[in-house]
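Values below: every heavy atom of this structure, side chains too, minus hydrogens, waters and symmetry copies.
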Amino acid sequence: MATNNQHFSHFSTFICLILALLLNIHYAKSDLQLNYYSESCPTAEEIIKEQVIKLYHKHENTAASWIRNIFHDCMVKSCDASILLDTTKEQKSEKTSQRNFGMRNFKYIETIKEALENECPNTVSCADIVVLSARDGVVMLGGPHIEMKTGRRDSKDSYLAEVENFIPNHNDSMSLVLSRFKSVGVDAQGTVALLGAHSVGRVHCVNIVHRLYPTVDPTLDPDYANYLKTRCPDPQPDPNVMEFARNDRETPMVWDNLYYKNILSNKGLLIVDQQLVSDPTTYPFVEKFAADNANFHAQFGKALIILSENSPLTGDQGEIRKVCSHVNK
């Protein structure tokens, strides 16, 4: 028969195991932290910011590219820079997916990486460059400064086969779009805020013409539809030719809530934009953000932090790539 001491010993062991488990969970969650590189590369975030500013002044559209990178990387499996890997004999790149059509300016990520390698070799991950360049790109466009944690490591794999299971398409139902974002922890309000990234940048005619030809989508404002036809006169545009319309005609490179005002006036470029208005779950948030630019900025920041912390590789997972487009040899 067990003695009281034995019972106490077993209980103590059990408590120690639970505490160890809780501590492990705590440390797993705290692997990402603010100023992660403060000792290993104190100037890392400043270097990224300097490069983003320099590249923005040379090529304004890079700012929209940084923001698209974080969406298309962090939605798929993890925030791990898998989107940046080129095709090799072993695996095809996520860049080849139709969901990543039109993504560009990857070479400028390498520009930032080279500057970091010169200062602190083998230290700053490409995944953290994706996150911090997006953060600084938003600021360049007049959006909010968002405090982003760092400490991610880079994937050794591409996930081409998984891209379509994670990244919503521009003509998916709103319920599917909401469920995709919910799977990475972003609620309905956060989803509406994140789609506010459509405030900037442009859309290729390939993704617009089905709303114009053979007949105009009745949810489109007629005058706006006529304007779009001048931008996209061919019902079957060549995807290799730069034919596009700006997301926002009035302030195309300003991070503002005009996007929400536009979709309330039936001037959304994509079906997903217009569905934010027609869906009863998302409509109240569209109204809120259209009325309050500061609220849009605040909610976008919160949602982007959640997205950026989606299942990061940390500790001894993955690697720190020397070149962002290839795994280390």
Using only atom types and a distance under 3.5 Å, with no angle test, would you say the side chain of R135 pairs donor to acceptor with the backbone of E147?
no
Does Y37 have any ring pair (Phe, Tyr, Trp, His ring centres under 6.0 Å) partners at least two apart in sequence or in another chain, and if so, which?
none
Does the side chain of I83 come within less than 4.5 Å of F106's, by heavy atoms?
yes
Reported SG-to-CD1 distance for the pair C79 and I70, which is rounded to 0.5 angstrom
5.5 Å
Can you see whether Y36 has K149 sitting over its ring - NZ or CZ less than 6.0 Å from the centre and within 45° of the normal?
no
Do you reckon V277 sits in the same ILVMFWY cluster as L258, going by side-chain contacts under 4.5 Å, direct or chained?
no
Please step through side-chain contact (heavy atoms from CB on, under 4.5 Å) for the pair I320 and T123, ending with a clear verdict.
CA-CA 7 Å; I320 305 293; T123 304; 5.9 Å; no
Result of checking I129, I112, I47 against V52 for side-chain contact (heavy atoms from CB on, under 4.5 Å)
I112
Hey, does V216 have a side-chain heavy atom less than 4.5 Å from the side chain of N226?
no
Hey, is the main chain of N328 close enough, under 3.5 Å, to the side chain of R321 for a donor-acceptor pair?
no
Give the cluster check for V200 versus F71: same hydrophobic cluster or not, with ILVMFWY residues linked at side-chain heavy-atom distances below 4.5 Å.
yes
What are the two closest heavy atoms between C120 and S40, and how far apart are they?
SG-O, 4.2 Å
Cluster question for you: counting only ILVMFWY and a side-chain heavy-atom cut-off of under 4.5 Å, with indirect links fine, are I208 and Y227 together?
yes
Atom pair CD/CG of Q236 and D238 - distance to nearest 0.5 Å:
11.0 Å
Could you state whether F296 and V186 fall into the same hydrophobic cluster, counting links through intermediate Ile, Leu, Val, Met, Phe, Trp or Tyr residues with side-chain heavy atoms under 4.5 angstrom apart?
yes
Quick one: pull up CD in E110 and CD in E117 and give me the separation to the nearest 0.5 Å.
10.0 Å
Spell out, as yes or no, whether a donor-acceptor pair under 3.5 Å connects the side chain of T62 to the backbone of H59.
yes
Measure the spacing between OG of S199 and CG of D248 and express it to the nearest 0.5 Å.
5.5 Å
Ring centres under 6.0 Å, that's the criterion: do H198 and H170 meet it?
no
Sub-4.5 Å side-chain heavy-atom contact between S278 and Q275:
yes
For a quick test of reading the model, state the closest non-hydrogen atom pair linking H145 to V139 and the distance between them.
CA-CG2, 3.7 Å
If we ignore hydrogens and angles and just use 3.5 Å, is the side chain of N169 paired with the main-chain N or O of D172 as donor and acceptor?
no
Running the 4.5 Å side-chain criterion over Ile, Leu, Val, Met, Phe, Trp and Tyr, what cluster does M242 land in, apart from itself?
F244
Parallel, tilted or perpendicular: rings of Y108 and W66 (30°, 60°)
perpendicular
Tell me whether D86 is salt-bridged to K95, with the criterion being a basic N under 4.0 Å from an acidic carboxylate O.
yes
Crowding at NZ, K322 (>12 non-hydrogen neighbours, <6.0 Å)
yes
Has D73 got a side-chain atom pairing as donor or acceptor with S82's backbone, closer than 3.5 angstrom?
yes
Under the side-chain contact (heavy atoms from CB on, under 4.5 Å) criterion, do I146 and I305 qualify, and how do the steps go?
CA-CA 8 Å; I146 306 162; I305 287 170; 3.6 Å; yes
Check this for me: does any side-chain nitrogen of one of K49 and D136 sit under 4.0 Å from a carboxylate oxygen of the other?
no
Only one of L32, N35, L132 forms a side-chain contact (heavy atoms from CB on, under 4.5 Å) with T150, so which one is it?
L132
What is the distance from atom OG1 of T43 to atom CD1 of I48, rounded to the nearest 0.5 Å?
9.5 Å
Under 4.5 Å side-chain linkage, directly or through intermediates, the cluster mates of L160
none
Using side-chain contact (heavy atoms from CB on, under 4.5 Å), reason through Y259 and L276 one step at a time and then give a plain yes or no.
CA-CA 11 Å; Y259 165 74; L276 288 177; 3.4 Å; yes
Side-chain heavy atoms under 4.5 Å apart, restricted to Ile/Leu/Val/Met/Phe/Trp/Tyr: what other residues fall into the cluster of V206, or is it alone?
F101
Before you tell me yes or no, could you show the steps for H72 and I167 under side-chain contact (heavy atoms from CB on, under 4.5 Å), namely the whole-Å CA-CA distance, both residues' side-chain angles and the distance that decides it to 0.1 Å?
CA-CA 7 Å; H72 287 248; I167 297 178; 3.6 Å; yes
Flag side-chain contact, heavy atom, 4.5 Å: V124 against C41:
yes
Please say whether more than 12 non-hydrogen atoms of neighbouring residues, nucleotides or ligands are located less than 6.0 Å from NZ in K302.
no
Between M75 and R180, what is the shortest heavy-atom contact and its length?
CE-O, 3.8 Å
Using side-chain heavy atoms (C-beta onward) and a distance below 4.5 Å, is F300 in contact with V138?
yes
Is the count of non-hydrogen atoms from other residues, nucleotides or ligands lying under 6.0 Å from D316 atom CG greater than 12?
no
Would you confirm whether Q91, through its side chain, and S158, through its main-chain N or O, come within 3.5 Å as a donor-acceptor pair?
yes
Assess the residue pair D157 and S155 against the criterion (side-chain hydrogen bond (donor to acceptor under 3.5 Å, both in side chains)); give the C-alpha distance rounded to whole Å, side-chain angles, the decisive distance to 0.1 Å, and a yes or no.
CA-CA 5 Å; D157 300 299; S155 172; 4.7 Å; no
Could you tell me whether a side-chain N or O of H297 sits under 3.5 Å from a main-chain N or O of W255, the two making a donor and an acceptor?
yes
Report the distance from atom CG of L116 to atom CD of E45, rounding to the nearest 0.5 Å.
10.5 Å
Got D80 and R152 here, is their nearest side-chain heavy-atom distance under 4.5 Å?
no
Identify, with sequence neighbours excluded, every residue that meets salt bridge (charged side-chain N to carboxylate O under 4.0 Å, His left out) alongside K77.
E162
Report the residues that fulfil side chain to side chain donor-acceptor pair (under 3.5 Å) with S78, sequence neighbours left out, ordered by chain and then residue number.
none
Over all atoms of both residues, closest heavy-atom pair of V177 and P168
CG2-CB, 3.9 Å
Do the non-hydrogen side-chain atoms of K288 and Q189 ever get within less than 4.5 Å of each other?
yes
Report whether L307 and V130 are members of the same hydrophobic cluster (ILVMFWY, side-chain heavy atoms less than 4.5 Å apart, transitive linking).
yes
Under 4.5 Å between any side-chain heavy atoms of V192 and T282, yes or no?
yes
If I compare all heavy atoms of L220 with all of G268, which pair ends up nearest, and what's the gap?
CD2-O, 3.6 Å
Please tell me whether E94 and N100 have a donor and an acceptor in their side chains that are separated by less than 3.5 angstrom.
no
Is it true that a side-chain atom of D154 and a backbone atom of S125 form a donor plus acceptor pair closer than 3.5 Å?
no
Taking the side chain from N257 and the backbone from Y260, do they hold a donor-acceptor pair closer than 3.5 Å?
no
When every non-hydrogen atom of K261 is compared with those of A290, the smallest separation belongs to CE-O, 3.1 Å
Is the backbone N or O of L85 less than 3.5 Å from a side-chain atom of S93, with the two atoms forming a donor-acceptor pair by type?
yes
